[in-house]
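Below is one structure, written out as structure tokens; the observations come after it.
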Amino acid sequence: MRIATWNVNSLKARLEKVWWWLDRAEPDVVLMQETKLADSDAPVAEFAERGYELRHHGEGRWNGVAIASRCGASDVVTNFGEALRPADTPEGDDAPYAEARMISAVCGGVPVVSVYAPNGRTVGSRFYEAKLVWFERLERWLQESWDPDEPLVLGGDLNVAPADDDVWDPQACHGGTHVSPPEREAFARLLERGLIDAYRLHHPEPERYSWWDYRAGNFHKNYGMRIDHVLVSAPVVPRVSWAEIDREARKGKPTPSDHAPVLIDVDAPGKPLDAGWKGAADRIAARRKR
DNA sequence: ATGGTCGCGCAGCGA
């Protein structure tokens, strides 16, 4: 079973790219973020034509998460099992319930979760504080709804680069969001709880990113961050046969998302996929000199 | 290396 997570940066704008990528990677389950759609606008029929059941949770315009699965999607939970609250809800503990950032389902016998952590904007802002509160809510949901001895695959845009190897230039990123100690501690607590970074398990090498700013040719210089993650529980670890970040999906036309999909194969390996990292280092080094 | 680009939606904000 091939499971991917992909911040698509508008599912509506990305639809043609998504169809291309489904053909390319043949994933069984795709955890999506930033669909920017209301549930009523989710392209359920279009996914069904391609053999995927689409489960969507969003209000439109911002945020929005979804799960597309060709091996079933049962027991759907949205927003940590809470009702979405109006966006003008007072700040503080209500922040995790104001935006559509979490959906889970059981696909092919495996519980999967698609999450989109708040960006945080700037360290110390109320948006940053809300990001940390959101991580606390995620932790509590995990504690209440999952036994670490049970299978779980949690994927999404966590908006945290867990280590300095996960950013193109730690000095340049220092002081910003995604790398601050409290954010990294929130990520580390997920690992302490029993989740394992499946990509890192298979790829210890540095300079592997999942997001690159659209601007300034950052993708072509590989100035990025590894902020999209697939975390798996201990029972799943020995079943993960392969992991990749498909940087090919960040290229070309139609316009790509600013994020690349992160994929794992659970049990039997899926279709072979050249994610385009081999030889990229030399080409990138040449570009940086220009 | 706080923006040179996107998406949304029609001005300017969020990422």
Side-chain angles (χ1 to χ4, degrees), chain A residues 5-21 32-43 56 58-66 87-88 91 95-96 98-102 114-132 134-135 156-161 164-180 183 206-207 209-229 247-262 284-290:
Chain A
T5 183
W6 193 8
N7 178 324
V8 294
N9 186 17
S10 171
L11 184 53
K12 184 180 173 187
R14 212 63 59 211
L15 219 43
E16 290 307 311
K17 200 80 171 180
V18 168
W19 303 148
W20 167 81
W21 193 74
M32 288 176 281
Q33 301 86 35
E34 275 206 273
T35 62
K36 298 185 177 178
L37 291 175
D39 291 341
S40 54
D41 294 326
H56 186 272
E59 316 146 278
R61 189 153 191 195
W62 288 302
N63 312 306
V65 285
D88 59 0
E91 302 301 323
E99 296 172 331
R101 297 181 175 277
M102 178 271 174
S114 174
V115 289
Y116 174 44
N119 173 286
R121 304 195 195 181
T122 53
V123 173
S125 67
R126 65 189 174 94
F127 304 99
Y128 174 83
E129 297 302 328
K131 179 178 189 174
L132 298 178
W134 182 88
F135 270 100
D157 177 359
L158 291 178
N159 269 319
V160 176
D164 281 354
D165 271 355
D166 297 316
V167 301
W168 81 97
D169 183 346
Q171 284 303 111
C173 296
H174 183 77
T177 54
H178 301 68
V179 301
S180 75
E183 290 167 273
E207 299 186 351
Y209 310 126
S210 66
W211 169 85
W212 303 259
D213 197 305
Y214 280 123
R215 295 164 291 188
N218 277 9
F219 174 69
H220 301 286
K221 300 177 202 166
N222 201 30
Y223 289 170
M225 291 189 182
R226 194 175 69 94
I227 57 177
D228 301 88
H229 305 284
R247 66 188 291 278
E248 292 300 317
R250 180 60 177 75
K251 298 179 180 177
K253 302 287 179 182
T255 313
S257 168
D258 44 354
H259 296 252
V262 185
I284 290 160
R287 278 196 189 89
R288 284 184 188 175
K289 286 174 188 162
R290 292 209 282 269

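Lettering follows sequence order; numbering is per chain, from 1.
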Nearest-angstrom distance, [atom1] atom, [N] to [M]:
| N | M | atom1 | result |
| --- | --- | --- | --- |
| B:dA15 | B:dG4 | C1' | 16 Å |
| B:dT2 | B:dC13 | C1' | 15 Å |
| B:dA1 | B:dC10 | C1' | 30 Å |
| B:dG14 | B:dG9 | P | 14 Å |

Side chain to side chain donor-acceptor pair (under 3.5 Å) involving A:D166 - partner list, sequence neighbours excluded | A:R200, A:R226
Side chain to side chain donor-acceptor pair (under 3.5 Å) involving A:W212 - partner list, sequence neighbours excluded =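 Checked A:W212 against side chain to side chain donor-acceptor pair (under 3.5 Å); matches are A:N222.
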Residues that A:A13 engages under side chain to side chain contact (heavy atoms under 4.5 Å, CB included), provided they are two or more places apart | A:S10
Counterpart residues, side chain to side chain contact (heavy atoms under 4.5 Å, CB included), relative to A:P256 (two or more places apart) = A:K17, A:R250
Over all strands shown, is [X] touching base, sugar-phosphate only, or nothing at heavy-atom distances under 4.0 angstrom?
| X | answer |
| --- | --- |
| A:N119 | sugar-phosphate |
| A:A172 | nothing |
| A:D213 | base |

Could you say whether A:N7 or A:T255 is positioned toward the 5' end of DNA chain B, judged by the nucleotide with the nearest heavy atom to each?
->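 By nearest-heavy-atom nucleotide position, the 5'-most residue is A:T255.
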First of A:H259 and A:T35 reached from the 5' end of DNA chain B, by closest nucleotide = A:T35
Where does the chain A footprint on DNA chain B start and end, counting 5' to 3' with a 4.0 Å heavy-atom cut-off?
->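 Both ends considered, the range comes out as B:dA1 to B:dA15.
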Answer yes when A:K251 and A:E248 have at least one side-chain N-carboxylate O distance shorter than 4.0 Å, and no when they do not.
-> yes
Under 3.5 Å, which donor-acceptor pairs link side chains of residues 115-122 of chain A to any protein atom two or more places apart or in another chain?
| unit_1 | atom_1 | unit_2 | atom_2 | d |
| --- | --- | --- | --- | --- |
| A:Y116 | OH | A:E34 | OE1 | 3.4 |
| A:N119 | OD1 | A:R121 | N | 2.7 |

